[in-house]
Each structure stands twice: as structure tokens, then as C-alpha cells.
There are 2 protein chains.
Amino acid sequence: MAPVERARQSDLRERNLAAVLALVADRTAGAGAASAPSRAGLAAATGMARGTVSALVDALLVGGLLEEVPPPPRTGAGRPAHGLRLSGRRVAALGVELGASHAVACVRDLTGAVRAREAVPSIDRTGPPAQVLAASAELAGRVLADARAQGLDVVGGAWALPGLVDTGAGTLRLAPNLGWRDVDVLTLLGEHPALHGLPLAVDNEAALAALAELWHPGEPADEAPGSRRGASFVLVTGEVGIGSGVVLGGRPLRGERGWSGELGHVTVDPAGPRCGCGASGCLEAYAGQEALLARAGLAGGGADDLRRAAEREDPAALAALDDAGAALGTALAAAVNLLDVDAVVLGGSCAPLAPWLAPPLQRELERRVLRARLLEVPVRVSATGADAAVMGAAALVLQGVLDAPAPLLSA
Amino acid sequence: MAPVERARQSDLRERNLAAVLALVADRTAGAGAASAPSRAGLAAATGMARGTVSALVDALLVGGLLEEVPPPPRTGAGRPAHGLRLSGRRVAALGVELGASHAVACVRDLTGAVRAREAVPSIDRTGPPAQVLAASAELAGRVLADARAQGLDVVGGAWALPGLVDTGAGTLRLAPNLGWRDVDVLTLLGEHPALHGLPLAVDNEAALAALAELWHPGEPADEAPGSRRGASFVLVTGEVGIGSGVVLGGRPLRGERGWSGELGHVTVDPAGPRCGCGASGCLEAYAGQEALLARAGLAGGGADDLRRAAEREDPAALAALDDAGAALGTALAAAVNLLDVDAVVLGGSCAPLAPWLAPPLQRELERRVLRARLLEVPVRVSATGADAAVMGAAALVLQGVLDAPAPLLSA
DNA sequence: GGCATAAGTTCAACGACAGAACAAATCAGT
DNA sequence: ACTGATTTGTTCTGTCGTTGAACTTATGCC
């Protein structure tokens, strides 16, 4: 009925290490710096015995995942506690984004800080996929070398790709914007000498952008005290196409194969304009970059042109944005009705256009989301910038470390 | 970043008990009766030591969750194995469905067999919610007495309700078809003497119908060998309104509060007919029972009238069904695009109409689901009948037992 | 009747957490 | 400055649960 895996004794330890690590990560990220938790505080928060926590923390300290910060602010009587926080000294992760025309790679340490980064503004993708992937591997290799020179141990890498990515098999099944189909990305990358021995993963760029949003340090006391634990939202990423990433209960929603979140091809109006996918009235045909610019009379322009046109209150631009916002609202209402997420977040090229997109979007959500009369659906603007997908790719690997730290402790 | 709970040693045992139980359930349900697994087989399948499995099985045997079946078919040399299967002798669960006009209660034993059932064809819901709920509690009390007279230990009960159910708080927040709002169902039921001491839960009827579908014994070698493990589908339940339940990776998708799956209010055409919810062009305005009958020229009739009209090829009925099927397809395409489920299942009053609904539905899915060109989206007809929601309600409790059997073993 | 084979049981060992006793480091008050 | 209260962190013993191997049991085959 349900996939219940057996557990061995070492899984216990693994899980409790992860619980300690998650709690430290949450506390350090949630409030300001000074709130580094102590062993005793962790024991109280988790319910574990103080001795057990001490043992777990020691293992994480020698493994270089945690570090002690001398004395946190003195409070009352009693022996002062040693503060604990994630250590950015050892563990790091590689993220690579391969977009329609650009490529970026970065290495983030366990605290999430970017320690190395390089962008290639315009990647030559006239060659076959293998060649383009090799170019991205070269880029990754340079960033890796930079990080390793800083003493970082890069434990894995993830590639953010546009299109339907089969996360299990590690293949890119369909990428209209790249013109690729059935490319075995993981195998091709694994053969590249610059990435030798590095565990790799691939995922959809929108799903990873959503993960980046979840990892973003911002929003201090924005929500419930638990900060980003249990956050749930749909992040819309409008680049060439429109995608979305769903986070439910603080975890990315993957779907059966990793093909979830295809918001761009949700139908807004079945009798609407033709879409590149073959159907009609898809969201992309209203709010996709190309369609949006064409409707604003700016065909061939860029997102910046549209923003400037809207700023000087150009009527065609305002009308196009209003229509696009309404279309986004209709599609996102479907997503909220189906998924019951807390909020909608505008990311990618939608973020700078939010002042014009959000009002009609919000209006449609209020009308079309059944639960809106009980609980409003807030529309937020993404806190992450243009690098969301790369940041998320690295975060994917880091999340893996936080979830299963044990393998890093024995070595 | 993520809700990682600490684990104690007893959780290890709990989980391994659940693993054994799930494997037995899966084997007994998946193939025919004769494939009852042995202790040794379970050890091999789980990877646990034979001694450990023996200990776990013994605990489940004395707890009455498993039973031995004398000798499974002889195979080769060696000591013959004792077959194991779920026992229907002790543990059972209560399910109650409270629909717009009817109520049903049943008790299922751990094997899923219905051991007691009673339906009230027409419930008087002119009174306040507390009174209607009390009537359902009386109904439940009679079924409970029947089950207890058979020696069953009913370990919990679940109520299937139409509308937005807050599963965490145990309240029905909004039920247009009942005319209820913010009813604290769990508290009201808990006060009723007939249910004294019984742990109760509430959930949305469509979500529970999907669970029933997942639990349904049918489909022998329909899919992958793992039978229903990891199944993923959207089940459409068309009764008065249209709802849906989502199963992803063999588990129901709940959403943040339990309000997921509101397919009925996904927009099919923003310029479409007005819906009772206040918006326009919702799926319910096309394929809801009332709208469907009205379009077929059968206003005031029932689902059977429509089926008969379709059978005699009444043009208005056929046209209405074709439109409804296409609308269902548009809305379900959004669901598949967003969730990446394997299949679509027609249930409730859609099931008998499937011969007419499925073709246009399938057509729209093929057009509008982005992944359809890679992997088709099969449309199936639900194997469960009109009792899907009650069956699912009981299954919810039983699933809880399978997931956490330990509490039943000490007593 | 004896041997091979596989299932099930028993038992010592090990890994991990729990709880209590203990040592360490600070503050408050005299 | 000294003493006691207080809280943190460590150490140690006990318990729980799994592991792996040795052992017993039951059957088929020769």
C-alpha cells in the first residue's frame, strides 16, 4: 500500500544527526546571528537526552559541519553555553544553470554563502547537446578549482535545466527552449574529466528556483516563528517559457518523475491563442515573454523594455500586463485549488513586473480560489534574484547533506 | 529548512513492524491468495536478519494483526514455510460518509473486508450541524455494535465530508453543498456517547475516495510488479459538486491544510457560465451534476436519467456529455501538468458516464498535457463503487494502523 | 534410512539512545 | 573574596533493538 522501508540502527543515528543539523540551520537562519543554539538548547528542543546531543554534536564538529562560536550573549546565572552554527569551512556544493542562452555556475558552502561563481552570458548552443554540456562542465571545473583552492570539499553538484527533467534517470526528456530531446545529461556529464568522481544530479530549473526561495535567508519574522520550516508556496519563474516550482510542507513537490509544476501549459482559455506546444490558450500564450512583448507592441524587445514602457504608462504595455496578470491569476488559482499552498511567489522575469502583474493576479485569485473566502492567498515577490536556479541547484546538494550527514562524518 | 523529527529507539521497531506489515499486505493483496509470504521471505525482501523478522512477526501474531495460514503450496526441498497474511479477526476501523442527502457507515477489518454496513438513504439535514452529526453518530453506533458483536476491536473512525475540511483541526470550514461553515466536527462527534473513547478523524470525501481506490484489491497484474505501491493518480469524484483526490507515490496528497484537490473550481473558461462559488467558468459549471443535466435538457433529473438518454443516443445528452468530457479534460490537464501523476481515474457519478466522457477527456489530455508526447496519460474508470468515500474513511484508519502498529501490540 | 535443503529459533555481541550522577563555569549575595 | 545557586556539558551504566551465526526442525529426494 505504501512504501515503508526497513530501518537499521545506523538510520537512527543518521536521522538524529539530521535533526540536530536542521535545528541549528533553522535557528541560525531564522533569527539574527546571536541566537546560535547550545547543546542543552538542542536537547530541550528535540527532546533527546543531553548526553546524546553532545555525542551527535561532537561528531558534527569533528566532521566540520558545525562549529562553535565562542560565547553567545550572556543571560543569567549558570555556566555559559557554547553557541553552535553551521560551518562554511569544509562542505560545499556545486550548482550549474544551463539556460536557453546563458550558463552560470556557483559553489555555495554549507551556510549557503556563495564562495565561487562564474557566468557565461552567451553560451554557444549550435553544437550537439554533448558539446554544450561539455562547455558547462568546463565552466563548472573552473568554479570547482576556485572553491577547492579555498579548502572547500565540494561534495556534489546539480544542473538546473529548462524542460521536463527525469530526476530519477538523470535525463532531459524534452526541452523546447533548448531544442533538445532525450538527452542523457548525467552520463554525458559524468564522463567529463573536470567532474571526475563528483556525485551529480539534474533537476528542472523552476523546481530548483523554488528551493532557492526556500533557502533564502530573508524574511526575518515574516511568518510563523518556525521561519521557513513548513513553508508552502508556488514560485512562478518566467524566463523564455513559464514554469513553476511547488514547495509543500517545506519540501519541494517533485511529482512521479520530476515533471510537476508545468504551469506554463495550464489552459487559461481553451479558445485562446495557439501555443508553441500545439495546444491553445496556454498560460505561456498570454504571459510568456514572447507573447507578452508582442501584445505590448514590443516584439523583439526584452523584459527591460517592457518595464520601462510600463513605467512611462504606455497604454499597450499596461493592457498587456493586465491581461498577463489575469491569465497568471487564472492558472495560479488552479494551482492553489489543487495543491492548497499558502502563497504565490513571483520570480524570474515576473518579479520586476510585479507592480503591474500582482493586482490583476490577486483579483483573479480572490475570485477563483475556493478557499480565498476563508484564507487569503498572499502574492509575494521572490527574494532571490536572477541566479535563483543556480542557487537552488547548489541548495539541492546541500539539502542532501543536511538530510543525510552521516556519510560525510566517517571519512 | 525541513521538518526533521528526532527518532527514538522505539521508532526503529515501529518502523520495522510497519515494513513487515506493509510487505505482507502488499503480497497478499497484489497477487492471489496463495502467495502468503514466509518469515524467511520477508527477511530476504526487507534485508533484515531472519531472527529480527521472526521477533517482529511474533509480536504481530500475538497482537492479532497477522495470522498464519497452514501450508502454502509446496515447492521444493526444505522445511516448509508458514504463510503469513493480515488477520481480519481483531483490528477494524469505522468509516462514515456524510453526504449532501445520504449517510453511510461501515466497519472494515484489517484485510479491508466490510464486516458491517448501514446506509441511511435520506438524512434529515434541516436541523443544525450538531443534530445532523449526532444522527450520523447514532448510525455509527449501530454499525459499531454490530462489529463488536463479531469480536472486532474497532480502533478508530473517520468521517468523510464534502467541502473544505481542516484535517489538522478536525473542523469543516466550508461546505456549500451542506450549507455548513466552520463546524467543529471532531469535538461535536467526540461528545457523543456512542463514540466514547474512539479516536476520530475527518477528511474530505474525495481525498478518501482516492484512498479507497488505492486500497482496492482489483487490478492483479495491471501495472508494475509492485502492485499498488507507488501508484499515482487523480481520482475525479462527481457527486453534487466535483472534487478530486490526488495520490502521489502511493500516498494521498493533502496540501497544507487538507484543502487540496478542489478540481471543481479550476477554471475551464474564464468567460464561461457563472458558478455557485461566485467565479465564472469553473469545471462544475460544465460537468457538475446540475449543470450537466440542465445542458442535456434533463433539469431536475438524476444521473441515471442522463445515462439512459445517452444510451439511446439522445443528441442533447451526447452534446452535453461531450462538452463535459472536454471540460474535465481541460481541468485535469492542468492537474497533470502541475502534479505529474501517472493516470486519471473517473469515479463517483462520472464512472457510469465514462463511455461518453472519456473520449473527449482523453483528447484534451493529449492536447494539453505537456508530457503527453512522452508518456500518455491513461484514463481509467474507478474500481470502487458508490461507497468509495466510506470505504476510504475506514481505510484511512487502517492505513494508520499499518503505518504505526506498535500502539496496538502492548495492550 | 540417510542426506541435502530450507525455515524458523536462540543467543551472544554490538550500536545507539536514556537517565542520572558528576564536573565545570558563571552569577548573585554577603 | 567567598559561598551557594544555577545551568551547561560530560561520563557512565542500563536498556532496547538489530545482527549474524549456530542450532533445531521439517520436508523432499535418493
Side-chain angles (χ1 to χ4, degrees), chain A residues 4-20 24 35-62 66-84 405-406 409-410, chain B residues 4-20 24 27 35-62 66-84 404-406 409-410:
Chain A
V4 182
E5 277 294 316
R6 69 72 86 90
R8 59 197 85 219
Q9 297 204 248
S10 56
D11 293 337
L12 242 189
R13 185 174 182 77
E14 175 92 75
R15 185 154 163 195
N16 284 337
L17 284 167
V20 166
V24 173
S35 74
S38 65
R39 292 166 174 78
L42 291 172
T46 59
M48 290 189 284
R50 287 213 308 276
T52 307
V53 172
S54 266
L56 295 171
V57 165
D58 285 349
L60 293 168
L61 283 172
V62 305
L66 290 183
E67 61 190 15
E68 284 188 320
V69 313
R74 304 307 350 285
T75 155
R79 172 174 170 176
H82 299 188
L84 295 167
L409 300 182
S410 52
Chain B
V4 182
E5 278 292 315
R6 70 73 86 89
R8 61 197 82 219
Q9 298 204 247
S10 56
D11 294 338
L12 243 190
R13 185 173 183 77
E14 176 91 80
R15 185 153 164 194
N16 284 337
L17 283 167
V20 166
V24 173
R27 295 281 170 90
S35 74
S38 65
R39 292 165 173 78
L42 292 172
T46 60
M48 290 189 283
R50 287 213 309 276
T52 307
V53 172
S54 265
L56 295 171
V57 165
D58 284 348
L60 293 168
L61 283 173
V62 304
L66 289 182
E67 60 189 16
E68 285 188 318
V69 313
R74 303 307 349 283
T75 155
R79 172 175 170 176
H82 299 186
L84 295 167
L409 300 182
S410 53

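All values below were derived from every heavy atom in this structure, side-chain atoms included, with hydrogens, water molecules and symmetry-related copies excluded. Order of the sequence lines fixes the chain letters, A, B, ..., with proteins taken first and strands second; residue numbering starts at 1 for each chain.
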What nitrogen or oxygen pairs link the protein and nucleotides 2-6 of chain C at under 3.5 Å?
unit_1, atom_1, unit_2, atom_2, d
C/dT5, O2, B/Gly78, N, 3.2
C/dA6, N3, B/Arg79, N, 3.2

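- With sequence neighbours left out, B/Glu14 forms a side chain to side chain donor-acceptor pair (under 3.5 Å) with no residue at all.
- The line from CG of B/Leu60 to CG of B/Leu84 is 9.0 Å long, rounded to the nearest 0.5 Å.
- To the nearest 0.5 Å, atom CZ of residue A/Arg8 and atom CZ of residue B/Arg15 are 10.5 Å apart.
- Residue A/Ser38 is classed as a sugar-phosphate contact, given heavy-atom separations below 4.0 Å to backbone atoms only.
- Here the C1' atom of nucleotide D/dG9 and the CG atom of A/Leu42 are 13 Å apart, to the nearest Å.
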Could you go through residues 41-48 of chain A and list every donor-acceptor pair under 3.5 Å that involves a side-chain atom there, pairing it with any protein atom two or more places apart or in another chain?
unit_1, atom_1, unit_2, atom_2, d
A/Thr46, OG1, A/Leu42, O, 2.9
A/Thr46, OG1, A/Ala43, O, 3.4
A/Thr46, OG1, A/Met48, N, 3.2

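- How far CZ of B/Arg6 is from CG of A/Leu17: 13.5 Å, rounded to the nearest 0.5 Å.
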Contact string for nucleotides 15-21 of chain D, one letter per nucleotide 5' to 3', B = base within protein heavy-atom range under 4.0 Å, S = sugar-phosphate only, - = neither, reads -BBBBB-
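- Considering only residues two or more places apart in sequence or on other chains, B/Glu68 meets the side chain to side chain donor-acceptor pair (under 3.5 Å) condition with B/Arg39, B/His82.
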Just distance, no hydrogens or angles: give the donor-acceptor pairs under 3.5 Å from side chains in residues 50-59 of chain B, sequence neighbours left out.
none

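- Distance B/Leu84 CG to C/dA7 P: 13 Å, rounded to the nearest Å.
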